[in-house]
Amino acid sequence: MDTDDLQLSGSEWDLMKILWEKNPVTANQIAELTPQWHPKTVRTMLIRLQKKGAVEYEVIDGIQHFKPVYEREYCESSATQSFMQRVFDGALTPMIAHFTRQQKLTNEEKQALIALLQDENHQGEK
């Protein structure tokens, strides 16, 4: 499955974060960690994520233990690229400009962003 096709809802992202942290984990363990969701809701979301190809499971002692198919960074990259393409026509500069106008950066964040951009430019020279 291509992660370009992997569209996750907010709740699915929340569940995936648990899977990335606790991998492997049972549906009951997830339900204990998410009291806002009924255990049947957790199972329904796991089935939906499995159908999307984001989650798989193995049976250990008769119990399904779920784990993510993709690494977190891979899914974040795919979601970011999809968002940037849909909202900003694939252009990075307008996206960064939008977010920095919406939320003021601290001096430390500005320096980190500058360092990141300078490092990226330097790597491109190699």
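Values reported hereafter were calculated over all heavy atoms of this structure, with side chains retained and with hydrogens, waters and symmetry mates removed.
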Donor-acceptor check, side chain of Ser78 to backbone of Tyr74, threshold 3.5 angstrom: yes or no? no

Qualifying salt bridge (charged side-chain N to carboxylate O under 4.0 Å, His left out) pairs with a residue from residues 108-117, counting only residues at least two apart or across chains: none

Residues two or more places apart in sequence or in another chain: which of them pass side chain to side chain donor-acceptor pair (under 3.5 Å) with Thr26?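 Checked Thr26 against side chain to side chain donor-acceptor pair (under 3.5 Å); matches are Gln29.
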
Minimal non-hydrogen separation, [X] against [Y], with atom names:
X: Leu19; Y: Pro68; value: O-CD, 3.8 Å
X: Ala27; Y: Val42; value: O-CG1, 3.7 Å
X: Glu12; Y: Arg48; value: OE2-NE, 2.7 Å

[Y] side chain reached by [X] side chain, heavy atoms, under 4.5 Å:
X: Met16; Y: Leu49; result: yes
X: Ile47; Y: Val55; result: no
X: Lys22; Y: Leu33; result: yes

Enumerate the side-chain hydrogen bond (donor to acceptor under 3.5 Å, both in side chains) contacts for residues 86-104, please, sequence neighbours excluded, ordered by first and then second residue.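 Residue pairs passing side-chain hydrogen bond (donor to acceptor under 3.5 Å, both in side chains), neighbours aside: Ser82-Arg86.
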
Quick one: list whatever passes salt bridge (Lys or Arg N to Asp or Glu O under 4.0 Å) with Arg43, sequence neighbours left out. none

Under the salt bridge (Lys or Arg N to Asp or Glu O under 4.0 Å) rule, collect the residues that match up with Glu76, sequence neighbours excluded.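 Listed in chain order: Arg72.
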
Would you say Ile114 ends up clustered with Leu92 if hydrophobic residues are merged whenever their side chains have heavy atoms under 4.5 Å apart, either directly or through other cluster members? no

Grouping I, L, V, M, F, W and Y whenever their side-chain heavy atoms are under 4.5 Å apart, do Ile60 and Ile63 come out in a common cluster?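 Shared cluster, no.
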
Taking only residues two or more places apart in sequence, or in another chain, which ones meet [X] in a side-chain contact (heavy atoms from CB on, under 4.5 Å)?
X: Glu56; value: Lys67, Val69
X: Thr44; value: none
X: Ala91; value: Pro94

Which residue, Leu15, Ile30, Leu46, forms the side-chain contact (heavy atoms from CB on, under 4.5 Å) with Val25?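 Exactly one candidate clears the test, Ile30.
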
Tell me, which pairs form a ring pair (Phe, Tyr, Trp, His ring centres under 6.0 Å) where one or both residues lie in residues 9-33, sequence neighbours left out? Trp13-Trp20

Can you tell me which residue pairs pass the ring pair (Phe, Tyr, Trp, His ring centres under 6.0 Å) test with a partner in residues 23-60, sequence neighbours excluded?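 Listed once each, the pairs are Tyr57-Phe66.
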
Once you round to the nearest 0.5 Å, how far does CE of Met45 lie from NZ of Lys52?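 Interatomic distance, Met45 CE to Lys52 NZ, rounded to 0.5 Å: 10.5 Å.
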
How many angstroms lie between CD in Glu58 and CD in Gln64, if you round to the nearest 0.5 Å? 11.0 Å

Verdict with reasoning, Ile18 to Asn23, per side chain to side chain contact (heavy atoms under 4.5 Å, CB included): CA-CA 8 Å; Ile18 293 169; Asn23 172 23; over 6 Å; no

Does CD belonging to Glu71 count more than 12 external heavy atoms closer than 6.0 Å? no

